[in-house]
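Scroll down for the structure; my scribbles are underneath it.
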Amino acid sequence: MVAGLAVAAAALATTGAASGASPTAQAGDVCTVSADTGEQQCFDTFSEALESITGEQVADPGVDAGDRTAIARVVEAHDARAHAAYLNRVAATAPRLAASASLATASTPASASLSASSNLVLGAVWKNKNWTGGSKVLYAANGSGCYGTTYGFPHTSSFGMNDTISSVTAYYNCATTLYKDANYKGTNRTYQVDTAYVGDTMNDEASSIVYRPKS
């Protein structure tokens with residue numbers, strides 16, 4: 001299943017940067033963006049942003065200290081729970097879906113009616129190098145994450161990040177692909193790991209983003 005992007009789930013190999021800590025974002029400088037609705041909300045802290053996505057309290061002080069290891073720990077734990085809940089619902093609903101298969105169409109997968117109990121955090125993009133400056137935390141409602149699913153954000157301009165991205169992070173088996181043009185066109189590069197600097201070719205150039213399964 002594809003969320004927010006009509007392309008097949010495929011990975012492109014590339015290089016990335018090592019991990020580390022980044023300073024705390026400025027007040028109101030951490031925003032969340034939905035792949036499903038495009039809705040954006042901004043918060044004073046990274047903890048508040050994650051809580052708005054996951055519906056779970058974030059108590060790890062490292063999250064607001066800018067410790068990306070702490071952030072990843074919180075996000076991965078939540079995404080694993082959401083994915084497990086999603087798979088359980090799919091399994092429980094399968095017999096009912098099979099019984100009503102005659103009502104399904106090729107353009108409307110039977111699983112489309114299923115919604116995740118919680119959103120999944122896909123990744124984050126940052127305005128400056130080394131995961132600093134304003135950031136956007138990107139998420140989706142589909143509970144499978146980047147395990148066979150590809151997610152797209154066709155216009156970074158819609159959430160104030162057009163031609164401003166310098167560093168990226170991704171979670172739950174996602175790799176980040178940045179495209180120079182909107183609607184997933186133009187020069188692109190895929191980052192398999194958290195990347196402190198996206199490189200001269202893509203720095204302050206991205207106009208659309210895809211999260212796809214890692215290769």
Side-chain angles (χ1 to χ4, degrees), residues 3-5 11-12 14-26 28-43 45-50 52-53 63 66-68 71-72 74-76 79 119-140 145-146 150-212 214:
L5 175 66
L12 302 175
T14 188
T15 59
S19 62
S22 58
T24 305
Q26 297 300 309
D29 218 13
V30 184
C31 303
T32 62
V33 183
S34 168
D36 306 284
T37 67
E39 179 184 8
Q40 179 179 193
Q41 293 181 294
C42 295
F43 302 88
T45 68
F46 221 98
S47 289
E48 291 173 336
L50 291 181
S52 76
I53 296 172
V63 171
D67 183 342
R68 290 186 309 102
I71 294 171
V74 169
V75 169
E76 294 285 346
D79 283 0
N119 299 312
L120 280 135
V121 183
L122 303 173
V125 292
W126 308 79
K127 286 188 175 181
N128 299 335
K129 298 177 183 179
N130 300 312
W131 310 285
T132 59
S135 62
K136 309 290 182 178
V137 184
L138 310 178
Y139 71 96
C146 289
T150 298
Y151 304 83
F153 296 81
H155 299 280
T156 56
S157 59
S158 68
F159 49 91
M161 292 295 279
N162 191 54
D163 294 344
T164 63
I165 296 170
S166 293
S167 51
V168 299
T169 61
Y171 309 105
Y172 215 58
N173 199 48
C174 290
T176 308
T177 301
L178 301 180
Y179 293 82
K180 276 199 172 183
D181 299 330
N183 295 310
Y184 323 116
K185 296 179 180 179
T187 301
N188 63 82
R189 184 177 178 188
T190 298
Y191 306 88
Q192 299 289 340
V193 298
D194 293 356
T195 303
Y197 178 57
V198 297
D200 292 346
T201 299
M202 294 306 301
N203 185 49
D204 293 342
E205 294 286 349
S207 295
S208 53
I209 304 170
V210 168
Y211 288 102
R212 62 181 79 249
K214 287 184 177 180

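Model, not experiment: these values are computed from the prediction. Just so it is clear, the values below take in all heavy atoms, side chains as well, and ignore hydrogens, waters and symmetry mates.
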Distance in Å, Ser167 OG paired with Arg68 CZ, rounded so as to fall on 0.5 Å steps:
8.5 Å
Using a 6.0 Å distance limit plus a 45 degree cone around the ring axis, check whether Lys136 lies over the aromatic ring of Phe159.
no
dist Asn119:CG -> Leu138:CG (nearest 0.5 Å) comes out at 12.5 Å
Starting from the C-alpha separation in whole Å, work towards a yes-or-no answer on side-chain contact (heavy atoms from CB on, under 4.5 Å) for Leu178 and Val168.
CA-CA 10 Å; Leu178 301 180; Val168 299; 4.3 Å; yes
Under 4.5 Å between any side-chain heavy atoms of Lys180 and Thr201, yes or no?
yes
Closest non-hydrogen atoms of Ala196 and Trp131, given as atom of the first, atom of the second and distance, are N-CZ2, 3.3 Å
I'd like to check Val121 versus Tyr172 (side-chain heavy atoms, cut-off strictly below 4.5 Å). Are they in contact?
no
Check the angle between the aromatic planes of Phe46 and Trp126 and answer parallel, tilted or perpendicular using the 30° and 60° thresholds.
parallel
So, does Thr37 use its side chain to make a donor-acceptor pair with the main chain of Ser34 at under 3.5 Å?
no
With a 4.5 Å limit on heavy-atom distance, are the side chains of Thr32 and Phe43 in contact?
yes
Give, for atom OG1 of Thr164 and atom CE of Met161, the distance between the pair rounded to the nearest 0.5 Å.
4.0 Å
So which heavy atom on Tyr211 is nearest to which on Thr176, and how close?
CE2-OG1, 3.3 Å
Taking all atoms of both residues into account, what is the closest heavy-atom pair of Lys185 and Ser208, and its distance?
N-OG, 4.3 Å
So do Tyr171 and Val74 actually touch side chain to side chain, heavy atoms under 4.5 Å?
no
Exam field: side chain Thr195 to backbone Tyr197, donor-acceptor pair closer than 3.5 Å:
no
Beyond-backbone contact of Asn183 with His155, side-chain heavy atoms, under 4.5 angstrom
yes
Rounded to the nearest 0.5 Å, how far apart are CD1 of Ile165 and CG of Asn203?
10.0 Å
Side chains of Asn128 and Ser166: do they bring a donor and an acceptor to under 3.5 Å?
no
Between Val198 and Tyr191, is there a side-chain heavy-atom distance shorter than 4.5 Å?
yes
Which pair of non-hydrogen atoms, one from Lys214 and one from Cys174, has the smallest distance, and what is that distance?
CE-O, 3.3 Å
Polar side chain donor-acceptor pair, Tyr184 to Asp181, under 3.5 angstrom
no
Atom CG of Asn188 and atom OH of Tyr179: how far apart are they, to the nearest 0.5 Å?
5.0 Å
Could you tell me if Arg212 and Thr177 have a donor-acceptor pair between their side chains, going purely by distance under 3.5 Å?
yes
Are any non-hydrogen side-chain atoms of Val33 and Val137 less than 4.5 angstrom apart?
no
Smallest heavy-atom separation, Cys146 atom then Asn173 atom, equals O-ND2, 2.7 Å
Hey, mind stepping through Tyr139 and Leu120 against side-chain contact (heavy atoms from CB on, under 4.5 Å) and telling me if it holds?
CA-CA 6 Å; Tyr139 71 96; Leu120 280 135; over 6 Å; no
Examine distances only and state if a side-chain atom of Ser135 and a backbone atom of Gly133 form a donor-acceptor pair shorter than 3.5 Å.
no
What I'd like to find out is whether the side chain of Thr150 reaches to under 4.5 Å of the side chain of Val210, using heavy atoms alone.
yes
Working for side chain to side chain donor-acceptor pair (under 3.5 Å), residues Ser207 and Asn162:
CA-CA 5 Å; Ser207 295; Asn162 191 54; 2.7 Å; yes
Gly199 and Arg189 have their tightest heavy-atom pair at CA-NH1, 4.1 Å
